[in-house]
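Report on the following structure.
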Amino acid sequence: MKPRAVLLFDIDGVIRDVSGSYRRALAETVHHYSGWRPGQTEVDALKSEGLWNNDWEASLELLRRHGHDPLPSFGALVEVFSQLYFGGDPDGPPEAWQGFIREETLLVQPPFFEQLSQHGFAWGFVSGAEPASARFVLHQRLGLPQPPLIAMGDAPDKPDPTGLLTLAARLATTDLGHEAPLVAYVGDTVADVETVQRARACHPDQAFVSLAVAPPHLQDAGAVAQRQVYEHHLSQAGANHILTTTAEAPALLNRLLG
């Protein structure tokens with residue numbers, strides 16, 4: 001049965017708050033090699049360029065821009081980052097992890113996805129998160145047994161639209177085009193918005209909507225100016241609608257569908 005719409009989500013900054021986990025691991029990885037610890041402002045500025053969705057590559061780029069020489073090998077940097085983030089074997093049991101991943105808070109709760117299904121929306125996730133990390137939050141934290149998921153390694157990194165297009169077509173139960181349901185994607189970075197833009201270029205007869213939300217660390221009352229700047233970058237990149245929270249997406253989608 002064809003859904004009313006397909007609603008896809010990024011995970012980091014949209015489904016869970018990673019300011020104390022992935023972003024912290026990024027900053028601490030840079031500090032490990034250089035003695036300099038980038039703040040949220042530096043990371044936000046880098047993410048706003050739309051090229052650094054992969055946090056390993058973002059860590060290396062910050063080291064490069066800070067003038068660290070020689071740069072570590074990519075493999076060595078990934079090992080440092082993963083030890084900080086997981087605090088154990090990523091392929092091992094999550095109960096043994098002692099890293100920053102234990103500090104993540106959820107931005108939505110399990111009933112949210114039940115409501116999406118009740119609205120007639122097909123839903124899934126297109127994320128640059130490592131598969132073990134994505135499965136942890138979706139399976140164990142949210143209790144979603146077999147969620148439709150494209151994670152790191154399943155498709156080229158965003159803003160390449162391959163992962164989004166693949167999962168959208170699967171959930172739409174038809175080829176993408178003018179007869180397919182609307183496809184909406186909720187993300188928190190310029191790269192997420194650019195992914196939708198590139199998907200449109202691939203399928204100009206398909207209805208796409210880019211829904212963007214500033215990450216949780218910019219939602220504090222004291223970060224209004226920084227959030228406005230960040231949201232401006234999202235709008236300039238082509239976001240159709242700026243959300244205050246991920247939970248606003250279903251109501252907005254219902255309004256768009258009439």
Tell me the closest heavy-atom pair linking [X] and [Y], and the distance in Å.
X: L62; Y: P38; answer: CD1-CG, 4.0 Å
X: H233; Y: V190; answer: O-CG2, 4.0 Å
X: P156; Y: T162; answer: CD-CB, 3.9 Å
X: T244; Y: V213; answer: O-CG2, 3.6 Å
X: S59; Y: L26; answer: OG-CG, 3.4 Å
X: V18; Y: D12; answer: CG1-OD1, 3.6 Å

Worksheet entry | Axial cation check for F208 ring with R200, 6.0 Å and 45° limits | no
Kindly check if the number of other-residue, nucleotide or ligand heavy atoms within 6.0 Å of [atom1] ([X]) is above 12?
X: D175; atom1: CG; result: no
X: E179; atom1: CD; result: no
X: E95; atom1: CD; result: yes

Are [X] and [Y] in one and the same hydrophobic cluster, where Ile, Leu, Val, Met, Phe, Trp and Tyr link if side-chain heavy atoms are under 4.5 Å apart?
X: V183; Y: L7; result: no
X: L253; Y: L176; result: no
X: W97; Y: V78; result: yes
X: V186; Y: F125; result: yes
X: V80; Y: F100; result: yes

Practice prompt. Check step by step if side-chain contact (heavy atoms from CB on, under 4.5 Å) holds for K47 and R23.
Written response: CA-CA 11 Å; K47 294 284 187 180; R23 278 175 168 254; 4.0 Å; yes
Donor on one side chain, acceptor on other, [X] and [Y], under 3.5 Å:
X: S21; Y: E103; answer: no
X: R16; Y: S133; answer: yes
X: D192; Y: T195; answer: no
X: D44; Y: H217; answer: yes

Practice prompt. Tell me, with the steps shown, if R65 and E49 meet salt bridge (charged side-chain N to carboxylate O under 4.0 Å, His left out).
Written response: CA-CA 14 Å; R65 295 186 185 189; E49 296 177 12; 2.8 Å; yes
Practice prompt. Would you confirm whether Y185, through its side chain, and V126, through its main-chain N or O, come within 3.5 Å as a donor-acceptor pair?
Written response: yes
Worksheet entry | Main-chain N/O of G20 paired to E104 side chain as donor or acceptor, under 3.5 Å | no
Worksheet item: Does R64 come within less than 4.0 Å of D69, counting only side-chain N to carboxylate O?
Response: no
Worksheet item: Which of parallel (below 30°), tilted (30 to 60°) and perpendicular (above 60°) describes H66 and W36?
Response: parallel
Practice prompt. Mind telling me whether Y85 and Y22 have parallel, tilted or perpendicular rings, with 30° and 60° as the class edges?
Written response: parallel
Within this structure, what is the [atom1]-[atom2] distance for the pair [X] and [Y], rounded to the nearest 0.5 Å?
X: D17; Y: L106; atom1: CG; atom2: CG; result: 10.0 Å
X: R141; Y: I101; atom1: CZ; atom2: CD1; result: 8.5 Å
X: L243; Y: L252; atom1: CG; atom2: CG; result: 6.0 Å
X: S235; Y: H241; atom1: OG; atom2: NE2; result: 10.5 Å
X: T246; Y: F112; atom1: OG1; atom2: CZ; result: 6.5 Å
X: R24; Y: D55; atom1: CZ; atom2: CG; result: 15.0 Å

Fill in: Test item: L171 and P3 side chains (from C-beta on) under 4.5 Å apart, heavy atoms
no
Worksheet item: Tell me, do H139 and L144 make a side-chain contact under 4.5 Å, heavy atoms counted?
Response: no
Worksheet item: Do F81 and F86 have their ring centres less than 6.0 Å from each other?
Response: no
Worksheet item: Mind checking whether F9 and W123 have ring centres under 6.0 Å apart?
Response: no
Worksheet item: Would S210 and Q197 satisfy side-chain contact (heavy atoms from CB on, under 4.5 Å), going step by step from the backbone distance to the final call?
Response: CA-CA 8 Å; S210 172; Q197 297 285 66; over 6 Å; no
Item to complete: For R227, enumerate each residue passing the salt bridge (charged side-chain N to carboxylate O under 4.0 Å, His left out) test, keeping only those at least two apart in sequence or located in another chain.
Response: E231
